[in-house]
Every structure is written in C-alpha cells, then in structure tokens.
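In what follows, chains carry the letters A, B, and so on, assigned in the order in which the sequence lines appear, proteins first and then strands, with residues in each chain numbered from 1.
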Amino acid sequence: GEDVEQSLFLSVREGDSSVINCTYTDSSSTYLYWYKQEPGAGLQLLTYIFSNMDMKQDQRLTVLLNKKDKHLSLRIADTQTGDSAIYFCAVPDNYGQNFVFGPGTRLSVLP
Amino acid sequence: NAGVTQTPKFRILKIGQSMTLQCAQDMNHNYMYWYRQDPGMGLKLIYYSVGAGITDKGEVPNGYNVSRSTTEDFPLRLELAAPSQTSVYFCASTPDTNYGYTFGSGTRLTVV
C-alpha cells in the first residue's frame, strides 16, 4: 500500500522560512493536501495541489510537487509563532478512494 | 454551520467496557471516515462510508464497528475495550474523494 514519510520535527526562528517535506511511494492522479493541527484540535485543511501542477502559491504558503521523485513540500514564508503546529501531508491511496496521511511534522517557531 | 461534531471529547474506559463515539455532520457530505491518531504514527483509517447504508473497513478495523443509517451520523462502536485502543479518534467528512476533508475536534480515549 501507499507509504508516506515526513520528518517528525522542525525548528525555525520567527521570520525565517520553513520547509516541510513529504515523500510517498505511489499516487493516483488527483489532489495532494497539506493539513495543519494545532494543540488539542482536529486537522484543518491548509492548502492543496493538483497532481498536474509543479507549484502552487497561496499567500505565505508555497507547495512544490516533484512527481518524478514523488516528493511534496510546503514552504511557509516569514514564519510566525502562530504557525507552530503539526503539519500533515495527505496523498491518495492506490485506489484513489481514500487518503493516506504522513506521520506529521511538528513545527516549532522560536522567538 | 457546525461542520463535524464529535462527542464526547474525553473518555476513560475500563478494559472490557463498551462505548460508542458519536460523529455528526450537517454539510450533507456522502463520505465519512474514522481515524485514530497515535503519537508519531500519523492517522490510521479505521472505517469509512461512501453513503448511507454503506460502510467498509480501513487499515485498522479490528476491535471496532460502525453503522451509517443516515447521511448525517457515523457512530464508531468499541465492544470490548483494550489498552491498545487508547488513542485520539477523529471523524472526517467530504462531499467527494477529490476534495479535502473536514475534521471533527476529536475524542481522546484512555483504556485502563
């Protein structure tokens, strides 16, 4: 089945850029997602990219997709303390019916 | 518009007890999902439903059961609670498999 990997931890200084990476083993052609989870809360849809795109920008967020290497990344520009959270990538399973979530990357923003 | 509502938020069960985790959505979404979240493991799919009357197993269904008698509700049943079921449970819904999911705020379950 689909295997999705992420680094578990990332620390950055306030104002710097953060880059969260995600690799996957297989994916049907559809949308790939990034979710944000704040402490004690559920996951919130953050942004997405369609599989025929290389890049998508949404204000401070930039999503990059390298289909050849099966690599997805989320860049957060001018990272703020409010960006401290766990970030999950989600990719379609082999049947395109459900999404497989990565283990999540805990982003800590230092003042 | 409440979105996805989960109850209870917290629960402590003794080994062997049963309980039902409730999930309701008011967005008329056909697709609903139950996940469990364990530290450093991401989310694992327990069961899902593509519409009222239709349910199917996910990656980790053992020890759980579901039903989907209406579009709005998707309860998760634990029949004989075990310590391995200590986790945070999330319910989610979507109108279409190409759309992102809307998640509930979760139920933190501890089995002692």
Is there side-chain contact between Thr30(A) and Thr97(B), with at least one heavy-atom pair below 4.5 Å? no
Verify the cluster assignment for Ile46(B) and Met19(B): are they in a single hydrophobic cluster under the rule of side-chain heavy atoms below 4.5 Å apart? yes
Here the gap from Asn98(A) atom CG to Leu45(B) atom CG, rounded to the nearest 0.5 Å, amounts to 5.5 Å
Largest heavy-atom contact set with chain A, pairs under 4.5 Å, which of Arg108(B), Lys44(B), Gln37(B), Lys9(B): Gln37(B)
Are Leu21(B) and Ile15(B) grouped together when hydrophobic residues (ILVMFWY) are joined by side-chain heavy atoms under 4.5 angstrom apart? yes
Heavy-atom count around Leu110(A) CG within 6.0 Å, excluding the residue itself: above 12? yes
Co-membership, hydrophobic cluster, residues Leu61(A) and Met55(A), 4.5 Å side-chain: no
Could you check whether the rings of Phe99(A) and Tyr101(B) sit parallel, tilted or perpendicular, using 30° and 60° as the cut-offs? perpendicular
Are the side chains of Tyr99(B) and Tyr48(A) in contact, using a 4.5 Å heavy-atom criterion? no
In the structure I gave you, are the side-chain heavy atoms of Phe101(A) and Tyr35(B) within less than 4.5 Å of one another anywhere? yes
For Gln37(A), which atoms come within 4.5 Å of any heavy atom of chain B: side chain, backbone, both, or neither? side chain
CD/Glu5(A): more than 12 non-hydrogen atoms of other groups inside 6.0 Å: no
Output yes when a side-chain donor or acceptor of Tyr31(A) lies under 3.5 Å from a complementary backbone atom of Asn98(B), and no otherwise. no
For chain A, which of Thr94(B), Leu43(B), Thr102(B), Val88(B) has the most heavy-atom pairs under 4.5 Å? Leu43(B)
Rounded distance [0.5 Å steps], CD in Glu59(B) versus CG in Asp93(A): 10.0 Å
Given the rule that I, L, V, M, F, W and Y join up when any side-chain heavy atoms are under 4.5 Å apart, are Phe88(A) and Val100(A) in one cluster? yes
What about Tyr33(B) and Val60(B), same hydrophobic cluster or not, with Ile/Leu/Val/Met/Phe/Trp/Tyr joined at side-chain heavy-atom distances under 4.5 Å? no
Option that, when pairs with chain B are counted at under 4.5 Å, heavy atom only, ranks first among Leu43(A), Leu45(A), Val4(A): Leu43(A)
